[in-house]
Number of protein chains: 2
Amino acid sequence: MTEPTETTTHADPAPADAAVLVRDAVDADRAAALVGSCTVDYDGRASGHVDPGVRHVVRQPDGTLLVHGATGHRPLAWHAGDGDFTTTATADDRLVLRAESNTEELTVALDAVHALTVYDPDDADKDVQGTEADVVSRLLNDPDLVESGFTPLATERDTPAGPVDIYGRDANGRICVVEVKRSRVGPDAATQLDRYVRALREDLHTDSDIRGILVAPSVTQKCRDILLERGHDFSPFEA
Amino acid sequence: MTEPTETTTHADPAPADAAVLVRDAVDADRAAALVGSCTVDYDGRASGHVDPGVRHVVRQPDGTLLVHGATGHRPLAWHAGDGDFTTTATADDRLVLRAESNTEELTVALDAVHALTVYDPDDADKDVQGTEADVVSRLLNDPDLVESGFTPLATERDTPAGPVDIYGRDANGRICVVEVKRSRVGPDAATQLDRYVRALREDLHTDSDIRGILVAPSVTQKCRDILLERGHDFSPFEA
DNA sequence: GCCTAGGTCCCGTCT
DNA sequence: AGACGGGGCCTAGGC
């Protein structure tokens with residue numbers, strides 16, 4: 001009975017027709033993509049407004065509502081996939097899409113719909129390689145990449161300040177906290193490492209006999225300064 | 001001569017036809033939105049692959065290429081608006097979109113195009129209120145919100161560790177570094193404030209006579225612990 | 001060009 | 001549910 005539904009496109013639908021089409025798409029857990037002239041109003045954690053213009057509006061089956069403009073990766077406005085979604089054809093012939101949750105609301109008011117496409121997006125099976133976790137694997141397979149003679153003892157070892165990427169011992173048997181980053185890092189990475197080292201020193205009552213090692217392709221100067229000031233080391237490693 | 005171009009939609013175009021339509025859209029600085037079945041391959045800072053499925057693919061006039069799936073705000077894959085973009089109809093009747101820059105490449109291979117919309121998105125005039133800058137303005141207008149008797153002296157005052165949000169004096173004349181956040185914060189905000197305070201103490205050679213004040217709606221326990229340990233204060237303020 | 005920090009960050013993961 | 005950290009983070013502003 002349920003055969004693969006087809007993608008349907010509509011050129012210049014009247015707002016009242018578009019309202020029905022979008023509502024049907026939502027009811028059928030389908031996606032609706034609109035191109036049209038609209039204003040956008042957001043209110044929630046912050047608030048915002050987008051002046052009239054032609055935008056690309058997408059309502060996904062998970063409830064996400066996105067408004068894309070002409071540039072950039074990020075939507076001009078968006079709403080997470082929870083809460084209510086309503087489509088209304090107004091008396092003055094506009095199509096109003098409204099997503100509303102406990103804390104946020106997003107209203108897209110289209111005075112013209114140039115195109116409407118209803119379709120069935122698939123859930124995505126996505127592989128990514130080159131993440132921080134991949135770098136950690138490499139370092140565990142060849143611990144000398146951290147430092148000659150390094151021995152890993154655990155990953156994600158808990159400290160009062162949070163879990164450390166790699167916990168181990170150096171060639172002299174000193175405990176090491178290793179923080180791994182996949183790309184060049186700034187001051188935040190150095191202070192993150194420092195927090196873990198300090199927490200572990202306090203936890204183990206071994207005042208300063210714990211080393212901190214930051215593994216990353218490279219560090220900025222301010223990062224290097226902080227490492228130096230706090231007595232931690234930088235070990236360059238490029239994935 | 002150049003009248004407002006219209007949005008055009010095409011249902012189930014042949015890949016060869018779609019290739020021409022997308023290429024024309026790119027040449028005319030227009031946007032193209034496709035719905036179709038495709039695989040996605042990315043290589044660059046990391047690498048990734050998306051298994052076959054129906055996706056929403058958008059090429060914006062600034063060169064951005066986005067692939068959206070069924071869920072979430074973030075694209076399954078994307079490419080920034082620089083470098084080359086090519087559309088190819090292959091011998092085996094697929095449409096291949098390829099965005100390539102010095103460091104990154106993204107390939108979308110569609111075996112079927114269900115819908116293609118070409119349109120002219122407008123540049124966006126966007127207002128946002130409730131940002132951190134807005135909170136700073138409020139605090140400058142009514143410095144008692146930071147702390148009774150607080151006197152602001154500068155915003156974005158430079159220190160060796162970077163510019164501080166608000167620099168001023170408390171009721172007793174002590175120098176204060178104020179870090180402002182618009183929402184509940186964790187350990188990172190506390191260490192950021194601490195870096196500024198330490199840098200300024202070193203810079204002004206006034207060993208510990210500089211206070212750190214974190215202004216935010218609320219803080220997590222770990223954040224509170226760090227503030228306490230480093231001797232800084234928390235001043236709750238909700239926008 | 002790099003660096004720094006904000007973001008309606010989003011998002012997964014774990015407590 | 002809150003919290004914590006990663007992200008191909010993206011993006012804006014300085015220098």
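This one's a predicted model, so the numbers in the text were calculated from it and none came from an experiment. Side chains are part of it too, since the values below use all heavy atoms of this structure and drop only hydrogens, waters and symmetry mates. Letters A, B, ... mirror the listed sequences (proteins, then strands); counts begin at 1.
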- Message: Using a 4.0 Å heavy-atom cut-off to protein, can you give one letter per nucleotide of nucleotides 7-15 of chain C, 5' to 3': B if the base is in contact, S if only the sugar-phosphate is, - if neither?
- Response: SBSBS----

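Residue contacts for B:P163: at a heavy-atom cut-off of 4.0 Å it reaches no nucleic acid atom on any strand shown. Here B:A189 lies out of heavy-atom contact (under 4.0 Å) with every strand. Using a 4.0 Å heavy-atom criterion, one finds that A:A161 contacts the sugar-phosphate atoms exclusively. Using a 4.0 Å heavy-atom cutoff across all strands shown, B:Q192 reaches sugar-phosphate atoms only and no base atom.
Remark: the separation of the C1' atoms in C:dC14 and D:dG8 is 25 Å, to the nearest Å. Comparing the same atom, P, in D:dC4 and in C:dT8 gives a spacing of 22 Å after rounding to whole Å.
Side chain of B:R169 to main chain of B:L153: no donor-acceptor pair is present (N/O by atom type, distance under 3.5 Å, no hydrogens or angles).
Residue A:E202 places its CD atom among 12 or fewer non-hydrogen atoms of other residues, nucleotides or ligands, all under 6.0 Å distant. B:D144 CG: more than 12 foreign heavy atoms inside a 6.0 Å radius. Other residues, nucleotides and ligands contribute only 12 or fewer heavy atoms inside 6.0 Å of the CG atom of A:D123. With a 6.0 Å radius and a threshold of 12 heavy atoms from other residues, nucleotides or ligands, B:D142 has its CG atom above the threshold.
With pairs defined as Watson-Crick or G-U wobble and both atom distances under 3.5 Å, the stems of at least three pairs that touch DNA chain D come out as C:1-7 with D:9-15, C:9-15 with D:1-7.
With ring centers used as reference points, A:H68 lies under 6.0 Å from B:H68.
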